[in-house]
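Shown next, in structure tokens, is the structure this report addresses.
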Amino acid sequence: VALPAVTAALDGFNGTIFAYGQTGSGKTFTMTGGPEKYADRGIIPRTLSHIYNELRRRSDYSYQIHVSYLEIYNNNGYDLLDPSLEEQAKQLEDLPKVSLQEDEDGG
């Protein structure tokens, strides 16, 4: 599912992998996978594995990788990888909200 977006990102395009659905529908499991078995890993660990395998294969190129892991809950976005909040945030609502912006061209 995510392979085309990841491959395009490695070719220089921006990419987003988005899980959308009702509460309890399996979005978190789909993205992160299960902790018990390697075969149950989700899109995120599979994607990271693919990225680093491709970086090894494409050794004649130089890459700079930026990863974001956002959660949108009740119309608010939260940065789940913000290292400055590791000790402070006890609940999702304790994280600073992420704002989304567009330019006049819609980009």
Side-chain angles (χ1 to χ4, degrees):
V1 171
L3 192 57
V6 174
T7 302
L10 292 172
D11 291 335
F13 297 93
N14 290 328
T16 299
I17 302 167
F18 190 85
Y20 177 81
Q22 185 172 350
T23 299
S25 63
K27 298 175 298 295
T28 300
F29 184 80
T30 298
M31 295 303 284
T32 61
E36 302 294 320
K37 294 186 271 182
Y38 182 75
D40 290 341
R41 66 198 188 285
I43 289 174
I44 292 170
R46 290 172 190 264
T47 297
L48 291 172
S49 178
H50 177 71
I51 288 170
Y52 287 102
N53 286 335
E54 280 294 305
L55 294 181
R56 273 193 296 278
R57 192 177 74 72
R58 300 179 184 202
S59 60
D60 51 332
Y61 293 94
S62 176
Y63 288 93
Q64 187 175 32
I65 305 293
H66 298 272
V67 177
S68 298
Y69 186 18
L70 305 176
E71 179 164 335
I72 300 170
Y73 179 73
N74 286 338
N75 294 322
N76 294 310
Y78 301 93
D79 181 355
L80 301 180
L81 295 180
D82 187 339
S84 68
L85 304 167
E86 206 168 289
E87 296 297 319
Q88 301 169 0
K90 302 293 184 221
Q91 299 178 19
L92 183 63
E93 292 79 14
D94 294 337
L95 296 171
K97 292 180 177 76
V98 175
S99 64
L100 304 175
Q101 301 174 352
E102 302 181 41
D103 61 21
E104 52 271 350
D105 296 330

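Excluded from the calculations below are hydrogen atoms, water molecules and symmetry mates; all remaining heavy atoms, backbone and side chain alike, are included.
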Treat each ILVMFWY residue as a node, draw an edge where side-chain heavy atoms are under 4.5 Å apart, and state whether V1 and Y20 are in one component.
no
What is the minimum heavy-atom distance between D40 and F29, and which atoms define it?
O-CZ, 4.3 Å
Could you tell me whether the side chain of K27 reaches within less than 4.5 Å of the side chain of S25, counting heavy atoms only?
yes
With sequence neighbours excluded, residues passing side-chain contact (heavy atoms from CB on, under 4.5 Å) with R46:
R41
Look at atom OH of Y63 and say whether more than 12 heavy atoms of other residues, nucleotides or ligands are closer to it than 6.0 Å.
yes
Rounded to the nearest 0.5 Å, what separates atom OG in S49 from atom CD1 in I44?
13.5 Å
For atom OH of Y69, is the number of surrounding heavy atoms from other residues, nucleotides or ligands below 6.0 Å larger than 12?
yes
Connected via hydrophobic side-chain network under 4.5 Å: L48 and L3:
no
Please report, to 0.1 Å, the donor-acceptor pairs under 3.5 Å made by any side chain of residues 10-18, with sequence neighbours excluded.
residue	atom	partner	partner atom	Å
D11	OD1	R58	NH1	2.9
D11	OD1	R58	NH2	3.3

Can you list every pair that meets salt bridge (charged side-chain N to carboxylate O under 4.0 Å, His left out) and has a residue in residues 12-25, with sequence neighbours left out?
none
To check you understand the geometry: which heavy-atom pair defines the closest contact between A2 and T47, and what is its length?
CB-OG1, 3.8 Å
Run through I65, T7, V67 and flag the one making a side chain to side chain contact (heavy atoms under 4.5 Å, CB included) with I51.
I65
